[in-house]
Every structure is written in structure tokens, then in C-alpha cells.
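A quick note: this is a predicted structure, and the numbers were derived from the prediction, not measured. Sequential numbering from 1 along the given sequence is applied to the chain's residues.
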Amino acid sequence: MKILARWFLLAAALLLVANLYPGVTVQSFGTALIAALVLGLLNTLVRPLLVLLTLPVTLLTLGLFLFVINALMFWAAASVLDGFRVAGFGAALIGSVIYSLCGMVIDAAVEQMFGRTAP
């Protein structure tokens, strides 16, 4: 139940990003659900590899390069899906920052609602 609530809220956050920033467009809530799923899969499977490969640059920039990696994941999800568009890298950067902030709020709210589960 917790995962479904988080997924639906993240899809709603993606619609919020599209409404707040004109460089990101999402066609419908169904598209937002699929995009949230693809973003989650990319962040789970590809992002750790990119973080590891770019560790020297990340250390050199004091972690700021992680924003670039997040933007690349956002942009990659948009390039894979129909109905989810990002105007360019700048739009991906701003969209991923807004989406990440929404994700932090959603994680805190879901933990408050459902509590922590034991590992």
C-alpha cells in the first residue's frame, strides 16, 4: 500500500512540475504514472552506476555534479516515453530539482502516514 501511495503521489508531483515549469510537459495522469515508474527504475538501476563512474568529478565539484546526473535521468525518461517531454537540458535540470523536492516532501508524508516498516 505504501509503494502505491508513493507512486501515485510522485505521478501527481510530475504533473505539478509540468504545471509549474513550462519546459516540462506531461500529457495525462496515466502518462505521469508511467513516467514516475520509468524515473524510479532509472534511478534504481542506472543512477548508481553513473554516480560510481563520475565519482571523481562529483568529488571535485563537491557533489554538485549529482544535479547533472539527476537531470540526465529526467531527460532520459522523457526521451523514452511519449507524452512526457522536456524542452532541453536546462529544463531537465530545473524539472528534476522541483521533482526531487516534491519527492522529499512525499517521502516524509508517506513515512508519517504509514510509518516505518521493519527490514
Side-chain angles (χ1 to χ4, degrees):
M1 184 67 180
K2 184 175 168 180
I3 293 174
L4 287 176
R6 187 174 184 277
W7 180 35
F8 278 96
L9 289 172
L10 285 172
L14 202 53
L15 288 173
L16 178 69
V17 169
N19 283 327
L20 290 176
Y21 187 66
V24 177
T25 56
V26 179
Q27 196 170 32
S28 66
F29 186 69
T31 303
L33 280 170
I34 295 169
L37 179 67
V38 169
L39 274 168
L41 288 173
L42 284 172
N43 284 330
T44 301
L45 301 173
V46 178
R47 187 175 186 273
L49 182 63
L50 283 178
V51 169
L52 186 64
L53 289 175
T54 61
L55 191 59
V57 177
T58 303
L59 291 174
L60 200 65
T61 61
L62 303 175
L64 292 177
F65 194 73
L66 292 174
F67 286 112
V68 173
I69 293 174
N70 285 341
L72 288 174
M73 295 297 99
F74 202 77
W75 203 6
S79 67
V80 169
L81 298 170
D82 289 333
F84 176 40
R85 304 226 187 282
V86 176
F89 183 76
L93 184 63
I94 293 170
S96 69
V97 167
I98 297 170
Y99 186 70
S100 295
L101 291 173
C102 291
M104 289 188 325
V105 171
I106 288 168
D107 286 342
V110 167
E111 289 300 322
Q112 186 72 24
M113 286 177 61
F114 293 102
R116 260 188 129 56
T117 56

Output the rest of the hydrophobic cluster of [X]: all Ile, Leu, Val, Met, Phe, Trp and Tyr residues reachable through side-chain heavy-atom contacts under 4.5 Å, sorted by chain and number.
| X | result |
| --- | --- |
| Leu52 | none |
| Leu93 | Leu64, Phe67, Val97, Leu101, Met104 |
| Leu59 | Leu55 |
| Leu60 | none |

Residues which pass side-chain contact (heavy atoms from CB on, under 4.5 Å) with [X], listed by chain and number, not counting sequence neighbours:
| X | answer |
| --- | --- |
| Ala91 | Tyr21, Val86, Ala87 |
| Val68 | Phe65, Leu72, Phe89 |
| Ala35 | Leu14, Leu81, Phe84 |
| Leu50 | Val46, Ile69, Met73 |

statement: For Gly95 and Val24 the tightest heavy-atom approach is CA-CG2, 4.3 Å
query: Looking only at heavy atoms, what is the nearest atom pair of Ala76 and Leu42, with distance?
result: CB-CD1, 4.0 Å
field: Residue pairs, two or more places apart or on separate chains, that pass salt bridge (Lys or Arg N to Asp or Glu O under 4.0 Å) and touch residues 85-110
entry: Arg6-Asp107
task: Kindly state each residue pair satisfying salt bridge (Lys or Arg N to Asp or Glu O under 4.0 Å) with at least one member in residues 44-64, sequence neighbours excluded.
output: none
message: Quick test of your reading: applying side chain to side chain donor-acceptor pair (under 3.5 Å), list the pairs with at least one residue in residues 48-62, sequence neighbours left out, ordered by first then second residue.
response: none
field: Inter- and intrachain pairs under side chain to side chain donor-acceptor pair (under 3.5 Å), touching residues 28-42, at least two apart
entry: Ser28-Thr31
task: For the pair Trp7 (side chain) and Leu33 (backbone), establish whether a donor and an acceptor sit closer than 3.5 Å, ignoring hydrogens and angles.
output: yes
